[in-house]
Amino acid sequence: MTYLSCNGQPMESALTPTLLVNYGHFTSLQVRAGAVQGWDLHLQRLQQGSRELFGSELDARQLQGWLQQALQAFALEDASLRITVFSRQFDFRQPLQPVPLDVLIGLTPPATMPT
């Protein structure tokens with residue numbers, strides 16, 4: 001099972017070419033019992049990267065809502081999550097121009113630690 005959403009909506013195949021631009025930043029984390037260890041540090045890094053790369057602010061409340069939506073889609077309390085921030089409007093010819101953010105959320109089964 002893999003779940004992908006962009007800006008809170010199920011992933012559209014038309015978005016795939018945009019993702020191949022390979023300009024953005026991400027964080028990967030494990031969710032256990034609906035909680036994330038070090039969430040404030042993940043969020044701080046995502047917000048800083050968004051300002052530095054795109055000149056835009058990442059809405060923390062909206063992001064948390066999208067994460068909850070992704071987990072609820074499969075009724076999961078444990079999962080592996082990857083949050084990727086990019087912009088479909090980013091232009092390499094004008095890299096300092098602020099652009100709106102897009103957020104891709106990838107959800108897979110939780111990682112298991114070896115015994």
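As the structure is a computational prediction, the values presented were derived from the model and not from experiment.
In this structure, the separation between CG on Leu41 and OG1 on Thr27 is 9.5 Å, given to the nearest 0.5 Å. Here Leu107 contributes atom CG and Ser80 contributes atom OG; the two are 8.0 Å apart, rounded to the nearest 0.5 Å. Rounded to the nearest 0.5 angstrom, Gln30 CD and Leu81 CG are separated by 8.0 Å. For the atom pair CZ of Arg61 and CG of Leu63, the computed distance is 12.5 Å after rounding to the nearest 0.5 Å. Summarising the geometry, atom CD belonging to Gln48 is positioned 6.5 Å from atom CZ belonging to Arg51; distances are rounded to the nearest 0.5 Å.
When all heavy atoms of Val36 and His42 are compared, the closest pair comes out as CG1-CD2, 4.2 Å. The nearest pair of heavy atoms linking Gly8 to Gln69 is O-NE2, 2.8 Å. Closest approach of Asn7 to Arg88, counting heavy atoms only: ND2-NH2, 3.2 Å. Closest of all the heavy-atom pairs between Arg32 and Ala111 is NH2-O, 2.6 Å. Across every non-hydrogen atom of Gly24 and Phe54, the tightest pair is CA-CZ, 3.9 Å. Closest approach of Pro98 to Gly55, counting heavy atoms only: CB-O, 3.6 Å.
Under a hydrophobic-cluster definition in which Ile, Leu, Val, Met, Phe, Trp and Tyr are linked whenever side-chain heavy atoms come within less than 4.5 Å, directly or via other members, Ile105 and Phe26 are assigned to different clusters. The same ILVMFWY cluster, assembled from side-chain heavy atoms under 4.5 Å apart, contains both Leu71 and Phe74. Under a hydrophobic-cluster definition in which Ile, Leu, Val, Met, Phe, Trp and Tyr are linked whenever side-chain heavy atoms come within less than 4.5 Å, directly or via other members, Trp66 and Leu76 are assigned to the same cluster.
Taking the side chain as every heavy atom from C-beta outward, His25 and Ser50 approach each other to under 4.5 Å. Residues Ile83 and Leu67 form a side-chain contact, since some pair of their non-hydrogen atoms from C-beta on lies under 4.5 Å apart. Residues Cys6 and Phe86 form a side-chain contact, since some pair of their non-hydrogen atoms from C-beta on lies under 4.5 Å apart. At a threshold of 4.5 Å between non-hydrogen side-chain atoms, the residues Leu101 and Gln62 do not count as touching.
Checking side-chain atoms of Ser87 against main-chain N and O of Pro100 turns up a donor-acceptor pair under 3.5 Å.
Each of Gln94, Gln89, Arg93 was checked for a side-chain hydrogen bond (donor to acceptor under 3.5 Å, both in side chains) with Asp91, and the lone residue meeting it is Arg93.
If you check the side chains of Gln68 and Gln72, you find no donor sitting under 3.5 Å from an acceptor.
Using a 30° and 60° split on the angle between ring planes, Tyr23 and Phe90 fall in the parallel class, below 30°.
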